Amino acid sequence: MRPSTLQVINQCKSMSQLHQIHAHTIITGLLPLHTHPILNNLLSTLSSLLTSTTPSSHSTTTYALSLFHSITTPTTFSFNTLIRIHTLLLSPLPALRLFSTLRRLSLPPDFHTFPFVLKACAQLSSLSLAQSLHSQALKFGLLPDLFSLNSLIRVYSIHRRVNDAHKLFYESPRRDVVSYNALIDGYIKTRQISRARQLFDEMPVRDEVSWGTMIAGYSHLKLCDQAIELFNGMMRLEVKPDNIALVSVLSACAQLGELQQGSIVHDYIKRNGIRVDSFLATGLVDLYAKCGCVETARDVFESCMDKDVFTWNAMLVGSAIHGEGSMVLEYFSRMIAEGVKPDGVTLLGVLVGCSHAGLVCEARKVFHEMESVYGVAREAKHYGCMADMLARAGLIEEAVEMIRGMPSGGDVFAWGGLLGGCRIHGNVEVAKKAAQQVMEIKPEDGGVYSVLANIYAHTEQWDDLVKVRRSLSANKRAKKITGCSLIRLNDDT
């Protein structure tokens with residue numbers, strides 16, 4: 001067989017090209033003469049055409065299996081390649097069954113086998129399987145291999161067995177940047193941010209994943225100042241951030257109201273021609289909406305070509321918190337028309353928008369259609385929002401009936417919303433019942449005492465006012481939660 005045939009197979013850039021060269025080897029009679037090298041190369045090239053984001057495809061799986069089963073005596077290489085294909089297509093069970101077949105045939109696993117199988121194990125979230133594979137890697141002397149070591153550290157980190165991952169890391173004579181990144185991720189998953197930062201600082205070499213993982217950890221744990229500080233340090237060292245770092249620092253900016261810092265990040269994205277995908281668009285929309293720049297948020301939203309449900313949610317919630325109920329309903333209609341399936345956050349955003357704008361009828365319609373039309377289960381927060389809106393609109397009895405119809409019988413948000421409406425409309429009797437419910441569910445909430453005292457003062461029921469204040473003094477667990485809001489711009493907060 002001419003070497004050029006295998007070279008052409010290896011150079012295929014699409015499934016169509018792969019099918020064409022496969023057909024060519026059949027028509028020219030090359031395949032029956034050189035079955036194993038051709039089929040193994042076809043299988044290997046197929047795996048290289050797939051990525052971790054490739055959607056699972058029945059035709060791709062069928063084609064891969066047909067190639068594999070055409071190999072009369074598959075080697076460890078053949079098994080490894082098909083196992084990898086299954087993991088890339090997010091089919092962990094077939095991958096693990098293949099490994100079992102490989103062992104049953106007494107074929108020796110190599111340093112490629114365990115990383116692929118451990119990846120399947122991680123997808124399946126099976127700790128016992130991971131421990132069994134750990135033992136087998138040790139038995140075959142493949143544990144010192146960096147690929148196997150890093151895969152095991154990653155699997156243990158995913159299962160939050162960070163002590164096992166730590167032990168593997170420090171017992172290994174060989175470590176690379178992937179080893180460090182995997183253990184840092186494990187520390188962050190178990191909220192051990194100080195240990196993660198210590199390991200990060202000890203790294204001899206860091207890559208963009210190291211920085212992104214650490215910044216994401218700070219942002220997720222709401223240590224936003226540290227996330228921004230680390231991102232700025234990354235920029236000073238001229239390390240190119242990946243999308244995880246960018247999205248995470250935007251989230252940190254949004255949480256702090258750091259409009260100026262967020263705008264700097266946005267400028268960096270534009271200057272460097274970074275494609276604004278759905279994740280970045282969501283982060284930018286969330287930032288600008290929370291900082292009050294709704295028009296800028298809309299511009300970013302409209303310019304994004306691949307919006308997902310999270311992008312739509314950011315725009316809906318951003319409009320809702322600024323009281324633009326009609327705009328929220330317009331975006332929601334567009335979302336449904338474009339075939340994007342809403343989730344619980346979507347519907348909550350719509351209800352909040354309607355509530356702020358006093359659109360009671362529209363909110364009722366959306367609430368009643370949540371399960372029947374949109375397939376979204378009603379949660380306590382949806383009931384709470386409706387109860388708050390109905391009560392604010394003076395529909396106290398309807399709000400009470402809605403709360404009583406809740407599967408849980410009402411939570412602190414629903415009763416609290418009702419109490420707020422009673423304060424506006426001076427409904428003392430229902431306010432007492434609502435306050436009692438809140439006190440029973442959340443006795444440490446001191447705010448309910450203040451609201452009830454305010455109602456009594458407004459209706460000049462001074463004796464009841466004194467009783468409420470005495471009850472607050474007697475309840476040592478109760479404390480009033482003070483609200484705050486901030487935005488930072490031009491070094492002023």
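Only heavy atoms go into these numbers, but all of them, side chains included; no hydrogens, no water, no symmetry mates. Bear in mind that the values here come from a model prediction, so they are computed numbers and not experimental data.
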I need the S219 OG to Q226 CD distance, nearest 0.5 Å. 11.0 Å
Tell me whether T76 contacts the main-chain N or O of P108 through its side chain, where contact means a donor paired with an acceptor under 3.5 Å. yes
Measure up the F140 and F114 rings against each other and bin them: parallel (under 30°), tilted (30 to 60°), perpendicular (over 60°). tilted
Surrounding CD1 of I244 (heavy atoms of other residues, nucleotides or ligands, distance under 6.0 Å), is the total greater than 12? no
Can you measure from CD1 (I38) to CG (L30) and round to the nearest 0.5 angstrom? 5.5 Å
D176 backbone acceptor or donor facing S179 side chain under 3.5 Å: yes
Donor-acceptor pair between S210 and D207 side chains, under 3.5 angstrom: yes
Can you find a side-chain donor-acceptor pair between S47 and R84 that sits under 3.5 Å? yes
For R334 and E302, what are the C-alpha separation, side-chain angles and deciding distance, and is it a salt bridge (Lys or Arg N to Asp or Glu O under 4.0 Å)? CA-CA 12 Å; R334 280 179 56 191; E302 297 299 347; 2.8 Å; yes
So D185 and K189, salt bridge (Lys or Arg N to Asp or Glu O under 4.0 Å) or not? Walk me through it. CA-CA 6 Å; D185 185 53; K189 277 184 168 63; 2.6 Å; yes
Side-chain touch L316/V352, heavy atoms, less than 4.5 angstrom: no
Counting distance only, does the side-chain N/O of S70 pair as donor-acceptor with the main-chain N or O of S66 below 3.5 Å? yes
Are any non-hydrogen side-chain atoms of D145 and L149 less than 4.5 angstrom apart? no
Could you check whether the rings of H22 and Y63 sit parallel, tilted or perpendicular, using 30° and 60° as the cut-offs? tilted
Salt bridge present between E362 and K365 (N-O < 4.0 angstrom): no
With side-chain contact (heavy atoms from CB on, under 4.5 Å) as the test, would you mind laying out the steps for K119 and L88 before giving the verdict? CA-CA 9 Å; K119 185 175 181 181; L88 288 169; 3.9 Å; yes
I'd like to know if the side chain of S126 reaches the main chain of A122, judged simply by a donor and an acceptor atom lying under 3.5 Å from each other, with no hydrogens or angles considered. no
Assess the pair F413 and Y383: is the distance between their ring centroids shorter than 6.0 Å? no
Any chance the rings of F77 and H112 have centres within less than 6.0 Å? no
Which pair of non-hydrogen atoms, one from T25 and one from P32, has the smallest distance, and what is that distance? O-CD, 4.4 Å
Rounded to the nearest 0.5 Å, what separates atom CZ in R175 from atom OG in S172? 6.5 Å
Under 3.5 Å: donor-acceptor pair, side chain of S132, backbone of S128: no
Stepwise, does the side chain to side chain donor-acceptor pair (under 3.5 Å) test hold for D164 with Q131? CA-CA 10 Å; D164 292 328; Q131 292 168 327; 4.9 Å; no
Measure from the side-chain N and O atoms of S251 to the backbone N and O of V247, and report whether any donor-acceptor pair falls under 3.5 Å. no
Before giving the answer on side-chain contact (heavy atoms from CB on, under 4.5 Å), spell out for V300 and M315 the whole-Å C-alpha distance, their side-chain angles and the decisive distance to 0.1 Å. CA-CA 10 Å; V300 173; M315 193 66 244; over 6 Å; no
Decide whether T311 and S278 meet the rule of one side-chain donor and one side-chain acceptor closer than 3.5 Å. no
Determine whether L284 and F301 make a side-chain contact, defined as any pair of heavy atoms from C-beta on separated by less than 4.5 Å. no
Mind checking whether I71 and H36 have side chains closer than 4.5 Å, heavy atoms only? yes
Is it the case that more than 12 heavy atoms not belonging to Y374 sit under 6.0 Å from its OH atom? yes
Any donor-acceptor N or O pair under 3.5 Å, side chains T346, D343: yes
S78-T75 side chain donor-acceptor pair, cut-off 3.5 Å: yes
Just wondering, are more than 12 heavy atoms of other shown residues or ligands nearer than 6.0 Å to CZ in R191? no
Taking S303 for the side chain and D299 for the main chain, is one N or O donor matched with an acceptor at less than 3.5 Å? yes
Identify the heavy atoms of T81 and L43 that sit nearest to each other, and give their distance. CG2-O, 3.4 Å
Classify the ring geometry of W211 against F200: parallel below 30°, tilted from 30° to 60°, perpendicular beyond 60°. perpendicular
Of H134, K167, R161, which meets side-chain hydrogen bond (donor to acceptor under 3.5 Å, both in side chains) against Y156? H134
Between F79 and F68, does a ring pair (Phe, Tyr, Trp, His ring centres under 6.0 Å) hold up when you go through it step by step? CA-CA 8 Å; F79 275 94; F68 180 81; 5.1 Å; yes
Do L259 and C293 have side chains that get closer than 4.5 Å, going by heavy atoms? yes
Might you confirm whether atom NE2 of H322 has over 12 heavy atoms from other residues, nucleotides or ligands at distances under 6.0 Å? yes
Does L183 reach the side chain of V162, with side-chain heavy atoms less than 4.5 Å apart? yes
For the pair R197 and E229, find out whether any cationic side-chain nitrogen is under 4.0 Å from an anionic carboxylate oxygen. no
Within a radius of less than 6.0 Å around OH of Y268, do more than 12 heavy atoms belonging to other residues, nucleotides or ligands occur? yes
List the steps and the verdict of side-chain contact (heavy atoms from CB on, under 4.5 Å) for L18 and K13. CA-CA 8 Å; L18 198 66; K13 302 297 182 186; over 6 Å; no
Is there a side-chain contact (heavy atoms from CB on, under 4.5 Å) between H356 and V328 once you walk through the steps? CA-CA 11 Å; H356 284 203; V328 169; over 6 Å; no
So W312 and Y331, would you call those rings parallel, tilted or perpendicular, with 30° and 60° as cut-offs? perpendicular
State, to 0.1 Å, how close P241 and M234 come at their nearest heavy-atom pair, and which atoms those are. CA-CE, 3.2 Å
Would you confirm whether S44, through its side chain, and N40, through its main-chain N or O, come within 3.5 Å as a donor-acceptor pair? no
What is the distance from atom CZ of R97 to atom CD1 of I83, rounded to the nearest 0.5 Å? 12.0 Å
Between the CG atom in N243 and the CG atom in D277, the distance rounded to the nearest 0.5 Å is 5.0 Å
Salt bridge present between D308 and K341 (N-O < 4.0 angstrom): no
Between E208 and K240, does at least one N-O distance fall below 4.0 Å, as a salt bridge requires? no
Answer yes if the ring centres of F169 and Y180 are under 6.0 angstrom apart, and no otherwise. yes
Where the side chain of N10 meets the backbone of L6, is there a donor-acceptor pair that is under 3.5 Å apart? yes
Measuring from F99:CZ to L118:CG, what's the distance to the nearest 0.5 Å? 8.5 Å
If we ignore hydrogens and angles and just use 3.5 Å, is the side chain of E258 paired with the main-chain N or O of A252 as donor and acceptor? no
Parallel, tilted or perpendicular: which one describes the rings of H166 and Y170, with boundaries at 30° and 60°? tilted
Regarding T113 and N80, is there a side-chain donor-to-acceptor distance under 3.5 Å anywhere? yes
